[in-house]
Amino acid sequence: MTTKDVGLLGLRIKELRKEKGLRQSELATTLHVSQQAVGSWETGRTVPGADTLNILADYFDVTTDYLLGRPEKKDDDAKTDDIEDLDKMIDNARSFGGKKMTENDREIIKAYLKGFYDNKNQGK
C-alpha cells in the first residue's frame, strides 16, 4: 500500500465516522479496538488488518474498495460511460432516497427493469 493509499484510507475512515456522528472512542468500542488504533488508522500511522477492514466496510455500509480508494474497474483509462452498467450499479446500491436497500429490494428493482427493457425491445 502506498503512502497516498494509506492517507486516503485514513481520510475515508475519519469521514465515515464523522458522518455517523461518532467520536474515535465510540467507533473503537464498537469495533473492539483501542481509541489509539482508530486514531492511528485515521492519521495513516497504521493500517487496519483485512478482517478489520471488512468489519469497517460492513459497519459503514461501503465496500472495501471504497475504503481503499480503488476504482470499480482496474482500467483507470476507461471512459466514464463504460465504467459500470446498470445491473452492477443496482448490485452495489446500499440506499435510495436516504433509506437502506435490502438484497430483496435490489432483486425487485432488477426484475422490474428487466421486464421494462424486455417489453421495450419487443416493440422495436
Side-chain angles (χ1 to χ4, degrees):
M1 213 173 190
T2 67
T3 305
K4 178 184 170 190
D5 294 336
V6 171
L8 182 56
L9 172 61
L11 180 64
R12 294 244 165 113
I13 293 171
K14 185 175 185 176
E15 286 175 349
L16 291 165
R17 174 182 59 79
K18 287 186 171 192
E19 282 177 18
K20 282 197 174 259
L22 298 173
R23 295 187 312 268
Q24 286 181 348
S25 60
E26 293 170 317
L27 179 59
T29 299
T30 300
L31 300 176
H32 306 289
V33 299
S34 68
Q35 179 181 347
Q36 290 79 10
V38 174
S40 292
W41 301 337
E42 290 183 359
T43 58
R45 286 190 307 265
T46 61
V47 177
D51 290 342
T52 305
L53 197 61
N54 282 320
I55 292 168
L56 282 164
D58 289 343
Y59 180 73
F60 289 122
D61 204 19
V62 297
T63 64
T64 54
D65 279 347
Y66 173 79
L67 288 174
L68 295 170
R70 293 181 179 158
E72 191 64 31
K73 287 190 173 183
K74 272 230 181 256
D75 183 7
D76 287 336
D77 298 327
K79 293 182 181 175
T80 305
D81 297 342
D82 298 333
I83 290 178
E84 288 188 16
D85 67 9
L86 188 56
D87 193 43
K88 288 181 184 176
M89 289 173 61
I90 293 168
D91 283 341
N92 292 323
R94 300 282 185 224
S95 64
F96 181 78
K99 296 183 180 173
K100 190 170 182 169
M101 289 178 65
T102 66
E103 184 62 33
N104 187 51
D105 294 337
R106 288 186 285 277
E107 291 303 317
I108 290 169
I109 292 167
K110 287 169 72 172
Y112 172 79
L113 288 172
K114 182 180 180 335
F116 173 81
Y117 282 105
D118 286 349
N119 287 334
K120 183 178 176 183
N121 289 335
Q122 286 176 1
K124 280 188 173 179

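What you see is a predicted model; the values in this text were computed from it and never measured. All values below come from the heavy atoms of this structure, side chains included, with hydrogens, waters and symmetry mates left out.
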* To do: Could you walk me through whether Trp41 and Val47 pass side chain to side chain contact (heavy atoms under 4.5 Å, CB included), step by step?
  => CA-CA 5 Å; Trp41 301 337; Val47 177; 5.8 Å; no
* Asked: For Glu15, what residues pass the salt bridge (charged side-chain N to carboxylate O under 4.0 Å, His left out) criterion, not counting sequence neighbours?
  -> none
* Sort and list the pairs that fulfil salt bridge (Lys or Arg N to Asp or Glu O under 4.0 Å) and have at least one residue in residues 32-41, not counting sequence neighbours. => none
* Structure fact -> Of all heavy-atom pairs linking Phe60 and Ile13, the shortest is CZ-O, 4.3 Å
* Which pairs pass salt bridge (Lys or Arg N to Asp or Glu O under 4.0 Å) with one or both residues in residues 20-40, sequence neighbours excluded? -> Arg23-Glu26
Please tabulate, for the side chains in residues 49-59, all donor-acceptor contacts under 3.5 angstrom to protein atoms that are two or more places apart in sequence or on a different chain.
from, atom 1, to, atom 2, distance (Å)
Asn54, ND2, Ala50, O, 3.3

* All salt bridge (charged side-chain N to carboxylate O under 4.0 Å, His left out) counterparts of Arg17, not counting sequence neighbours -> Glu42
* For Arg45, all residues meeting salt bridge (charged side-chain N to carboxylate O under 4.0 Å, His left out), sequence neighbours excluded -> none
* Intermediate values then yes/no, side chain to side chain contact (heavy atoms under 4.5 Å, CB included), Arg12 and Val62 -> CA-CA 10 Å; Arg12 294 244 165 113; Val62 297; over 6 Å; no
* To do: Calculate, to the nearest 0.5 Å, the distance between atoms CD and CG belonging to Gln24 and Leu22 respectively.
  => 11.0 Å
* Quick one: salt bridge (charged side-chain N to carboxylate O under 4.0 Å, His left out) partners of Lys110, sequence neighbours excluded? -> Asp87, Asp91
* To do: Among residues two or more places apart or on two chains, list those pairs meeting side chain to side chain donor-acceptor pair (under 3.5 Å) that have a residue in residues 97-109.
  => Thr102-Asp105, Glu103-Arg106
* **side chain to side chain contact (heavy atoms under 4.5 Å, CB included) involving Glu19 - partner list, sequence neighbours excluded** => Leu16
